[in-house]
Amino acid sequence: MEHISRYLSKEIKLSSYEDKLFKSDLMFDDHMLVWFISGETKIIQWDTTFYFRTGDIFLIPRNQLATIINYPKNGLPHKTVVMHLSTER
């Protein structure tokens with residue numbers, strides 16, 4: 001299954017992925033505030049690595065390359081709520 005994103009508004013989206021893992025190398029134009037609903041995530045930035053689980057919240061800085069690896073866990077898909085924090089906001 002592919003990665004599914006559904007925007008609730010211009011700045012807020014629900015993200016879901018059910019397969020074994022989803023890996024991507026990304027750089028965002030906006031800061032991204034991420035709330036982890038289910039599954040686990042590993043975020044690798046240039047100087048450190050972070051691990052996140054259900055209930056965690058993380059701010060991904062804009063204009064910084066990161067490798068993001070999402071894993072479903074305990075039979076549940078990997079799900080997050082993401083808020084784009086534009087420079088105007």
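Note: hydrogens, waters and symmetry copies are ignored here, and every other heavy atom, side chains too, is used. Nothing here was measured: the structure is a model prediction, and the numbers come from that model.
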Check your understanding: Mind checking whether I68 and M32 sit in one hydrophobic cluster, side chains of I, L, V, M, F, W, Y counted as touching below 4.5 Å?
Key -> yes
Check your understanding: What's the spacing between I69 CD1 and I43 CD1 if we round to 0.5 Å?
Key -> 10.0 Å
Review point. Do you reckon L59 sits in the same ILVMFWY cluster as M83, going by side-chain contacts under 4.5 Å, direct or chained?
Key: yes
Practice item. Start with the C-alpha gap between I12 and V81, add the side-chain angles, then the distance that decides, and say whether side-chain contact (heavy atoms from CB on, under 4.5 Å) holds. Key: CA-CA 7 Å; I12 299 174; V81 175; 4.0 Å; yes
Check your understanding: Would I37 end up clustered with I57 when hydrophobic side chains under 4.5 Å apart are linked, directly or stepwise?
Key -> yes
Exercise for review: Please list, chain by chain and in numerical order, all residues satisfying ring pair (Phe, Tyr, Trp, His ring centres under 6.0 Å) with F28, sequence neighbours excluded.
Suggested key: none
Point to revise | Non-hydrogen atoms of T67 and K23 that approach each other most closely | key: CG2-CE, 3.7 Å
Point to revise | Over all atoms of both residues, closest heavy-atom pair of S38 and T54 | key: CA-OG1, 3.4 Å
**Study point:** Flag for T41-H78: side-chain donor and acceptor within less than 3.5 Å
**Key:** yes
Check your understanding: Linking I/L/V/M/F/W/Y whenever their side-chain heavy atoms sit closer than 4.5 Å, directly or via other members, would F52 and I60 fall into one cluster?
Key -> yes
Check your understanding: Say you draw a straight line from NZ of K79 to CD1 of I4; how long is it, rounded to the nearest 0.5 Å?
Key -> 9.0 Å
Review point. Which pair of non-hydrogen atoms, one from T49 and one from K42, has the smallest distance, and what is that distance?
Key: CG2-CE, 3.7 Å
**Study point:** L85/L33 under side-chain contact (heavy atoms from CB on, under 4.5 Å): CA gap, chis, key distance, verdict
**Key:** CA-CA 7 Å; L85 300 172; L33 185 62; 4.1 Å; yes
**Study point:** Flag side-chain contact, heavy atom, 4.5 Å: T87 against R62
**Key:** yes
Check your understanding: If Ile, Leu, Val, Met, Phe, Trp and Tyr residues are connected whenever their side-chain heavy atoms lie under 4.5 Å apart, and connections chain through other members, are W35 and L8 in the same group?
Key -> yes
**Study point:** K13 vs R6, side-chain contact (heavy atoms from CB on, under 4.5 Å): CA-CA, chis, key distance, verdict
**Key:** CA-CA 5 Å; K13 71 178 174 181; R6 184 173 63 117; over 6 Å; no
Review point. Which value, rounded to the nearest 0.5 Å, describes the distance between F22 atom CZ and S16 atom OG?
Key: 11.5 Å
Practice item. Take atom CG of D29 as the centre, draw a 6.0 Å sphere, and report whether it contains more than 12 heavy atoms from other residues, nucleotides or ligands. Key: no
Point to revise | Verdict with reasoning, Y71 to Y17, per side-chain contact (heavy atoms from CB on, under 4.5 Å) | key: CA-CA 8 Å; Y71 304 88; Y17 193 77; over 6 Å; no
Revision key, fill the gap. In this structure, CH2 of W46 is separated from CD of Q64 (nearest 0.5 Å) by 8.0 Å
Check your understanding: How close do P72 and E18 get, heavy atom to heavy atom, and via which atoms?
Key -> CG-O, 3.5 Å
Review point. Of all heavy-atom pairs between H31 and P61, which one has the smallest distance, and what is that distance?
Key: ND1-CA, 3.5 Å
